[in-house]
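So you know, we letter chains A, B, ... as the sequences are listed, proteins then strands, and number each from 1. Nothing here was measured: the structure is a model prediction, and the numbers come from that model.
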Amino acid sequence: MSDNSDNSDKPDDFIRKIIRANVAEGLHEGRVHTRFPPEPNGYLQIGHAKAICLNFEVAQEFGGLCNLRFDDTNPEKESEEFVQAIQDDIRWLGFEWDKLCFSSDYFEQLFEWAHRLIEQGMAYVDEQDPDAIKENRGSLTEPGKDSPFRNRPTEESIELFNKMRSGDFQDGAMVLRAKIDMTHPNMNMRDPILYRIKRMHHHRVGDAWPIYPSYDFTHGQSDSIEGITHSLCSLEFEDHRPLYDWFIEKLGIFPSKQTEFSRLNMTYTVVSKRKLRELVDNGLVDGWEDPRMPTIAGMRNRGYPALAIRNFCKTVGITKVPSISDIALLEHSVRDVLNRVAPRRMAIFDPLEIELTNWEQAEVRDLEGAINPEDAEKGLRKIPFGKTLLIEQNDFREEANRKFFRLKLGGEVRLRNAYIIRCDSVVKNPSGNIVKLLCHVDLDTLGKNPEDRKVKGVIHWVNKATAVEATARQLGRLFTEEKPESNPDKHFTEFFDTDSSKETTMLCEPSILDLDYGETCQFERIGYYCRDAIKEADTRSIYFNQTISLKEGSGK
RNA sequence: AGGCCGAUGGUGUAAUGGUAACACUACUGUUUUUGGUACAGUCAUUUGGGGUUCGAAUCCCUAUCGGCCUGCCA
């Protein structure tokens, strides 16, 4: 008997259906082995999170394994920094790989396979220059033309290829190409390049290789070497599958099976590595880890919980439909998790002083408030309360209609976690601005409601004498347009929201100092904020990044 | 234009030949010491047109729309 409520929670996309069928028919003895194969040339972003969740969770669900493999075939763009950051991000997301692999570990094997293809007359060294290769590739509608070197003797290709390897030639002098079909309608089959000369230091193999295999000649075979049963990747590699299958067949190696799914796009942001890099390089953001960035590191700094990201990936699901997910879906997952786990605090962003006329001047009393009202086990925190308090300016109006639930002159309001107060008079300066409110506190309303009347409004507050000043970085979305990339006349950076990051000071209850670095709390009635260790060191101020505002209901 | 892939509400997904389900958003209410949360309600005859069938979101044909592909990037 299966439990329904549990069942409805389990993702069941077309890829899992394929895998289940494969297991049922005994493919590879029912073994399931996946991998997450990033190139270490940038930071992981939300789209990678989708691929990470898919690969690692599928392996878990089918009792299989999942490798982390760096496809590091282009030393020009790759670095150890990214290798490290990517591992940190995956672990932070909550996953651990079975084997840590590098395609560069397979360079020797790949070289041998290339040799084999040459010997079998299925690859050749092409000495055309890059322009000629491009020219002869043809176009989408026209077939390509054979290279004049295409039918050179096998021995000649072998000799040249060996010399390429020993570093006898300059970059770009020649390439190794597969001999498939220059008229093939699929461009990837028009004698794709297998090896190119790049006399460049590689972050792992050092200077051992003056030639590097292309991604196409590396990726599929790396899967084969690792015994990957299900090679899951994004849609743009659909056209490459015939080529990978060609290598598998010609080389007679383990038949990993590729299945493609659509990559994740989101409104009000960009996710392509190239575009994120552009934001970083143009100084529009403070690097890959800027809390506005949809990178894993950025979201971590912003206070998004890993669980929220995993939940979000579950809700967008896995399909082949190119789609743009509403960022509100992600934000909902973030609020949903945070509401359950974030400790509560109170902070005033725009202070208005109130004086309690019937409270002893010297008396400061510690009141108590729930750390998290959704989770009583979290316990209580102490909140000092005294004669002079601070509330938000917009929580007070001299006159207001019935729809306004907060404090008005002559009206009552509940101070969160404290007493009900009544505003008796407004003190103004000579220019007519409100400087202070004189209020009466009903001492019989702590932890209970009066029986003779109903007070609907609740506002947050901070005791002035014990308030701790802190900096809040208010964070918005990266772009002002829902789809910054879809305007044919404008570059996406033109829609960058220059107001997306603003610093402001706030006054908080003292217990904010108990918050850990990286911990996200909820400032009640305001939103979620994450304490930032690096910024605190920089600014020498208690520092919080805004994670996300609370949802705003009607009226406020 | 040639090849490949795809099309279900404003958004993301589900329904695999039996009469459109779930989540988000928005809007309405109820509860509430957070105008939050929770709870309840409202919002689509499945891109158009043909066909097969007792019956089609599902199968077939066709049109339209969208994505990807002409790096010695991945």
Side-chain angles (χ1 to χ4, degrees), chain A residues 8 11-13 17 37-39 41 71 73-74 76-78 126 129-130 133-135 137-144 171-177 184-190 193-198 211-212 214-216 218-219 234-242 260 262 264 267 273-274 312 314-333 335-336 339-340 344 346 369-370 373-374 403-406 413-420 445-449 455-460 482 522-527 549-556:
Chain A
S8 61
D12 188 31
D13 45 73
K17 287 183 170 97
E39 185 195 12
N41 70 341
D71 273 335
T73 57
N74 187 0
E76 217 166 304
K77 299 177 175 173
E78 298 154 7
D126 190 352
D129 61 56
I133 289 180
K134 185 180 162 74
E135 180 69 22
R137 187 150 29 221
S139 73
L140 297 179
T141 49
E142 291 163 284
D171 287 12
M174 57 192 73
V175 292
L176 182 71
R177 290 234 252 171
H184 200 108
N186 180 345
M187 287 287 195
N188 297 120
M189 301 300 270
R190 319 245 259 230
I193 287 165
L194 271 30
Y195 270 89
R196 71 276 211 201
I197 303 172
K198 252 186 216 283
I211 56 173
Y212 291 94
S214 65
Y215 173 84
D216 275 343
T218 306
H219 181 80
S234 46
L235 245 31
E236 66 267 34
F237 294 106
E238 269 176 319
D239 286 350
H240 297 241
R241 181 167 14 102
E260 309 86 7
S262 64
L264 176 69
T267 55
K273 240 183 235 178
R274 209 205 85 232
F312 168 71
K314 200 173 290 176
T315 87
V316 298
I318 303 290
T319 66
K320 299 186 77 123
V321 187
S323 58
I324 305 179
S325 294
D326 192 334
I327 198 167
L329 262 143
L330 208 211
E331 294 174 343
H332 169 262
S333 294
R335 289 193 182 101
D336 184 49
N339 176 51
R340 288 181 307 222
R344 308 290 134 115
M346 291 192 286
E374 309 289 315
K403 295 266 192 171
F404 184 78
F405 307 144
R406 293 105 91 194
V413 79
R414 157 76 62 184
L415 292 179
R416 176 76 172 153
N417 296 310
Y419 306 89
I420 287 172
T445 55
L446 184 63
K448 62 180 176 185
N449 282 319
V455 176
K456 184 169 170 69
V458 180
I459 64 174
H460 59 284
E482 196 177 54
Q522 182 197 103
F523 289 129
E524 294 191 273
R525 301 212 310 132
I526 304 279
S549 70
L550 245 34
K551 234 180 115 180
E552 288 200 356
S554 55
K556 236 194 125 178

Looking only at atom [atom1], what distance separates [N] and [M], rounded to whole Å?
N	M	atom1	answer
B:A40	B:C5	P	43 Å
B:A20	B:A15	C1'	7 Å
B:G6	B:U47	C1'	12 Å
B:C59	B:C43	P	29 Å
B:U46	B:U13	C1'	14 Å
B:C39	B:A44	P	23 Å
B:U62	B:G10	C1'	30 Å
B:G18	B:C27	C1'	35 Å

Classify the nucleic acid contact of [X] as base, sugar-phosphate or nothing, counting any heavy atom under 4.0 Å across all strands shown.
X	value
A:I211	nothing
A:D71	sugar-phosphate
A:I324	sugar-phosphate
A:E39	sugar-phosphate
A:G172	base
A:V175	base
A:S262	nothing
A:L550	base
A:G447	base

Aromatic plane relationship, A:F237 with A:Y215 - under 30° parallel, 30 to 60° tilted, over 60° perpendicular: tilted

Salt bridge or not between [X] and [Y]? Use side-chain N to carboxylate O under 4.0 Å.
X	Y	value
A:E238	A:K320	yes
A:D171	A:K198	no
A:E331	A:K551	no

Which nucleotide wins on minimum distance to the side chain of [X], given the candidates [options]?
X	options	value
A:D239	B:U13, B:G3, B:A38	B:G3
A:T141	B:A1, B:A7, B:C73	B:A1
A:K551	B:U33, B:U25, B:A74	B:U25
A:D326	B:U37, B:U11, B:C5	B:U11

Comparing A:F405 with A:S323, nearest RNA chain B nucleotide closer to 5' gives the residue A:S323

When the nearest nucleotide of RNA chain B is assigned to A:H240 and to A:Y419 on a heavy-atom basis, which residue is associated with the more 5' position? A:Y419

Between A:R525 and A:H460, do the side chains contain an N or O donor and an N or O acceptor separated by less than 3.5 Å? yes

Can you find a donor-acceptor pair, distance only, under 3.5 Å between A:R406 side chain and B:G35 base? yes

N/O donor-acceptor pair, side chain A:E374 with base B:G36, under 3.5 angstrom: yes

Report the distance from atom [atom1] of [X] to atom [atom2] of [N], rounded to the nearest whole Å.
X	N	atom1	atom2	result
A:K273	B:C73	NZ	P	15 Å
A:E552	B:U37	CD	P	11 Å
A:E260	B:C5	CD	C1'	9 Å

So does A:N41 get a side-chain nitrogen or oxygen closer than 4.0 Å to the phosphate oxygens (OP1/OP2) of B:A74? no

Is the Lys NZ or Arg CZ of A:K456 less than 6.0 Å from the centre of A:F405's six-membered ring, within 45° of the axis? yes

Using Watson-Crick pairs (N1 to N3, plus N6-O4 or O6-N4) and G-U wobble pairs, both distances under 3.5 Å, which stems of at least 3 pairs involve RNA chain B? B:2-7 with B:64-69, B:10-13 with B:21-24, B:26-30 with B:38-42, B:47-51 with B:59-63

